[in-house]
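A short write-up of the structure that comes next.
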Amino acid sequence: MSISPHPYPNPASALTLRLTRLYERGLLLAFSLSPLVAILYLHHFQADVPRFEHHVAHELAIALAIGVSAFVCYVTLRCYESSGEAFLRWLTLGLIGFTVVYAPHGVLTRLSAHHLDWFLLYGPASRFVMAACLLRAAMLYGEAPEPRCARPRARQWAGWIGLFLGVDLVVAQLSFHPHLLPLPVRPVFEACAILFALAAAGLLLRKGASAPLILVTAIALGMFAQSSVAFMLSSAWDHIWWLAHAVFASGFLLLSFGVVRAFHTTRAFSTVFSQEEMMRQLYVEKERAESALALLRQANADLRRLAATDPLTGASNRRQFMATLASEWARARRERAPLALLALDIDHFKHINDRHGHPAGDHALKTFVSAAAGLLRPGDVIGRIGGEEFAIVLPGTQAADAHGIAERIRHGVEALALDIDGVPVALTVSVGVAVSGPSCTEPGDLLKEADRRLYEAKNAGRNRVCPPPPA
Ligand SMILES: Nc1nc2c(ncn2[C@@H]2O[C@H](COP(=O)(O)OP(=O)(O)OP(=O)(O)O)[C@@H](O)[C@H]2O)c(=O)[nH]1
């Protein structure tokens, strides 16, 4: 069964995930204990035993190293298949090379007494091969992922394995060659491995020091270089020789830790970010989300305002005005407060349109609303009910006060010096006043009553207010 625990491509099988998680824990433990192994080892043997020639221990150690290397190689290959990171291709090759070239070193353990060079030479050769591949990996670090079509196929991987087997044969040839044997072949391999490892570490740190897995790889490369120094200072089976193995193993475990970390996250070394980088990204994204939310809120408020407002005059539109009237009606009922309503209609508005044009009529409507609104209290609301018909809701207002406000508006409008293209235009308004009382059982009744009075005002000659009858 395949499960995908995170949103990255190429889901892994449950078994691979379980194994890599187990391995991650085990190697953390092994890595943290490796210096203790070295300390106990030297403490135990240094004084009395100059050499520790234990074939089984060596065979077991190499078998373990080869097994771990093959497993890490597989995990690295899976990461490479997923991300196409060129760095991972060369890391995979380095691990294949190490596995293939190092294996004979374990196999030949029991021949060490008769063919010491043959036995020993596979160690430096494997470190040389791996360091060379890691240097190439470091050179390619940070490049764009390789497209699927450009990635090696099984045949090409097999070709590389063949090449590394060829290295095994060359090493065997070298170790039996009578003229080459006296030459310092081992130190040359180790020196090259040191140079390659240090160059790779330097390159990686220069290119991606902030990426945590690159830091881990650079430390591992530093350990490989130190182990090569220890191997150069050692002779077979002495304590420095064993310690060199332990130092190399520490570097190897650290490198493999990087590989499983990549496998469990983005499957690429370059895109596993440090916690600082993640916090920075998180902060940037949070800021972005917050400003998008503020814009959205503003847009919603604008939409709400637009949906509630008459675009020409800025007064509430009919729907919004009726909602306001309903809520003020309910409040007045709750608080047993008076509520007044004015119905207003501009007189002979058709003449303004006909004589001066529609834009002039629009201008007159806007002027009328701003003049009327300027004469109201903050809680009063003006709404455009129809073309040139308006209504004003006056919360907490008695009949006499409503009448007074209506007269104030009528006077204010009459006094407006409306000028259209240099021509003075007279503007007057008729107003009907209604107040909540026993005859009104719902908000619509109030509006009907105000309308009735408005038409009375029109019929009575216009430019006048028709108040409610005295109670
Ligand atoms: N410019 C302009 N005119 C409008 C608008 N809405 C309605 N009108 C005009 O307002 C006029 C209303 O005319 P009538 O209903 O006859 O009323 P009136 O001329 O004001 O006459 P009375 O109300 O009887 O005094 C019509 O000509 C409509 O076209 C608008 O948004 N802009």
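As the structure lists them, so they are numbered: ligands from 1, and atoms in each ligand from 1.
- Salt bridge status for Asp451 with Lys448: absent, with no side-chain N to carboxylate O gap under 4.0 Å.
- Taking the six-membered ring where tryptophan is involved, the planes of Tyr80 and Trp157 are perpendicular, since the angle between them exceeds 60° and thus also 30°.
- Cation-pi geometry between Arg261 and Phe263 is not met: the NZ or CZ atom fails to fall both under 6.0 Å from the ring centre and inside 45° of the normal.
- Annotation: atom 24 (O) of ligand 1 to nearest protein heavy atom, Arg462 NH2, 2.9 Å.
- Annotation: atom 27 (O) of ligand 1 to nearest protein heavy atom, Lys350 CG, 3.6 Å.
- Considering only non-hydrogen protein atoms, atom 32 (N) of ligand 1 sits nearest to Asp362 OD1, 2.7 Å.
- Using a cut-off of 4.0 Å between Lys/Arg side-chain N and Asp/Glu carboxylate O, Glu456 and Arg452 are scored as not salt-bridged.
- Scanning the protein for heavy atoms near atom 22 (P) of ligand 1, the closest one is Lys458 NZ, 3.4 Å.
- Every N/O-N/O distance between Leu312 and ligand 1 stays at or above 3.5 Å.
- Contacts with ligand 1 closer than 4.0 Å are made by side-chain heavy atoms of Asn353 only, the backbone lying farther away.
- A salt bridge links Arg453 with Glu449: at least one charged nitrogen is closer than 4.0 Å to a carboxylate oxygen.
- Partners of Ser430 by side chain to side chain donor-acceptor pair (under 3.5 Å), not counting sequence neighbours, listed by chain and number: Asp347.
- Annotation: atom 14 (P) of ligand 1 to nearest protein heavy atom, Glu388 OE2, 4.0 Å.
- Residue contact annotation: Arg384 has a non-hydrogen atom under 4.0 Å from ligand 1.
- For His351, no heavy-atom contact with ligand 1 is shorter than 4.0 Å.
- Looking at Ile405 and Leu375, their side chains never come closer than 4.5 Å, going by heavy atoms from C-beta outward.
- Checking only distances, Leu365 never comes within under 3.5 Å of ligand 1, N or O to N or O.
- Close contacts of ligand 1 with Phe349, meaning ligand atoms under 4.0 Å from a residue heavy atom, involve 2 (C), 3 (N), 4 (C), 8 (N), 9 (C), 10 (O), 11 (C), 18 (P), 19 (O), 20 (O).
- Among protein heavy atoms, atom 6 (N) of ligand 1 sits closest to Gly387 CA, 3.2 Å.
- A salt bridge is absent between Glu81 and Arg151: the closest approach of a Lys/Arg side-chain nitrogen to an acidic carboxylate oxygen does not fall below 4.0 angstrom.
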